[in-house]
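First the structure, in the form of structure tokens, and then the observations on it.
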Amino acid sequence: MATNITWHAGLTHDERSKFRGQGGLTIWLTGLSASGKSTIATALEQHLLHNGLAAYRLDGDNIRFGLNKDLGFSEKDRNENIRRIAEVSKLFADSTTISITSFISPYRADRDQARALHDKDNIPFIEVYVDVPVEVAEQRDPKGLYKKARAGLIPEFTGISAPYEEPLKPEIHLHSDRTSVEEAVQIIVDYLAAKGYIKPL
């Protein structure tokens, strides 16, 4: 870690919120591959933007084309992947943007660290567990990844040969095998409004 650096203080989160008329927060979608995280996140971003709210989606696959293209899928690299995303999503939220992340983020400790990072600066962190039976995820398998994992072509694949640690107390628990995308978006929006993070949409 660099030692010859100094933190430069600027506007506070509350000051930015006052100027922009919007508070920032992170909505952290977690779940198995093919659970529907990215689909829900995309629809949620569109809905919020359509209603005049600043929102931005950080997608697990997309991030690995740039910021995290140097990382693989070992446990160590997965940990670093989530650490970086937690930092980036917090920066977006601190700018008073609604940051929406859709990452498998399989390890509970990593998600807890992401939450703690936000808690430290009083930035809301909403964990959304997009729950789906692995059998259903395998049936969907839009990228053919489960088939490859079953054939041994993808090592350390979450849900097959690598663990997924379910959230213990997520703010929102979605069952994507019996909840439509539109319903999922409305559940999240209703939660945000009930907590006073946004006005009812």
Side-chain angles (χ1 to χ4, degrees), residues 13 16-17 20-68 78 81-108 110-119 121-132 142-143 158 164 166-167 169-176 179-201:
H13 180 72
R16 292 191 187 96
S17 296
R20 293 193 67 188
Q22 175 182 324
L25 55 96
T26 288
I27 302 170
W28 190 283
L29 283 77
T30 176
L32 294 173
S33 178
S35 63
K37 299 181 302 299
S38 294
T39 302
I40 294 170
T42 299
L44 177 61
E45 180 189 30
Q46 291 174 342
H47 185 64
L48 294 173
L49 289 169
H50 178 75
N51 282 277
L53 293 166
Y56 192 81
R57 178 178 61 93
L58 298 166
D59 181 79
D61 281 356
N62 294 353
I63 288 293
R64 285 181 175 273
F65 279 97
L67 177 65
N68 291 349
R78 286 175 185 266
N81 181 53
I82 298 306
R83 187 196 70 79
R84 293 182 192 178
I85 295 310
E87 293 281 0
V88 172
S89 64
K90 184 197 146 190
L91 290 174
F92 272 99
D94 191 38
S95 77
T96 71
T97 296
I98 297 176
S99 177
I100 306 166
T101 74
S102 54
F103 292 78
I104 295 173
S105 46
Y107 299 112
R108 197 172 294 129
D110 292 340
R111 299 193 302 268
D112 288 346
Q113 288 178 5
R115 180 186 296 275
L117 182 69
H118 287 69
D119 288 349
D121 289 334
N122 296 314
I123 296 175
F125 181 93
I126 294 93
E127 185 175 42
V128 180
Y129 178 25
V130 185
D131 190 0
V132 68
K143 304 171 188 174
T158 302
Y164 178 81
E166 298 181 359
K169 294 181 179 180
E171 280 73 13
I172 300 172
H173 189 161
L174 301 173
H175 295 273
S176 68
T179 304
S180 71
V181 174
E182 293 78 13
E183 290 170 337
V185 168
Q186 195 60 53
I187 288 170
I188 296 171
V189 167
D190 288 346
Y191 177 89
L192 297 180
K195 290 294 183 179
Y197 298 134
I198 63 172
K199 295 178 181 179
L201 302 180

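Given the structure is predicted, the values throughout are model-derived calculations rather than measurements. We count residues from 1, following the sequence as given. Just so you know, these numbers use all the heavy atoms, side chains as well, and skip hydrogens, waters and symmetry mates.
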Partners meeting side chain to side chain donor-acceptor pair (under 3.5 Å) with E183 (sequence neighbours left out):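 S180.
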
Partner set under side chain to side chain donor-acceptor pair (under 3.5 Å) for S89, not counting sequence neighbours: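 Partners of S89 by the side chain to side chain donor-acceptor pair (under 3.5 Å) criterion come out as none, since no residue qualifies.
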
Once ring-ring contact (aromatic ring centres under 6.0 Å, His included) is applied, do any residues pair with [X], and if so which ones, sequence neighbours excluded?
| X | answer |
| --- | --- |
| Y197 | none |
| H175 | H173 |
| Y107 | none |

Taking only residues two or more places apart in sequence, or in another chain, which ones meet [X] in a salt bridge (charged side-chain N to carboxylate O under 4.0 Å, His left out)?
| X | value |
| --- | --- |
| D110 | none |
| K199 | none |
| D119 | none |

Partners passing side chain to side chain contact (heavy atoms under 4.5 Å, CB included) against A43 (at least two apart in sequence or in another chain):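 Testing A43 for side chain to side chain contact (heavy atoms under 4.5 Å, CB included), a comparison that skips the adjacent residues, returns V181, V185.
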
Non-neighbouring partners of R83 that pass side chain to side chain contact (heavy atoms under 4.5 Å, CB included), sequence neighbours left out: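 Here the qualifying residues are E80, E87.
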
Residue pairs passing the salt bridge (Lys or Arg N to Asp or Glu O under 4.0 Å) test where at least one lies in residues 46-58, sequence neighbours excluded: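 Listed by first then second residue: E45-R57, R57-D59.
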
Pair listing, side chain to side chain donor-acceptor pair (under 3.5 Å) test, anchored in residues 46-55, at least two apart: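 Checked against side chain to side chain donor-acceptor pair (under 3.5 Å) - neighbours excluded - no pair reaches residues 46-55.
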
Distance-only polar pair, side chains of S176 and S35, donor-acceptor under 3.5 Å: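 No, because no side-chain N or O of S176 sits under 3.5 Å from a partner of the opposite role on S35.
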
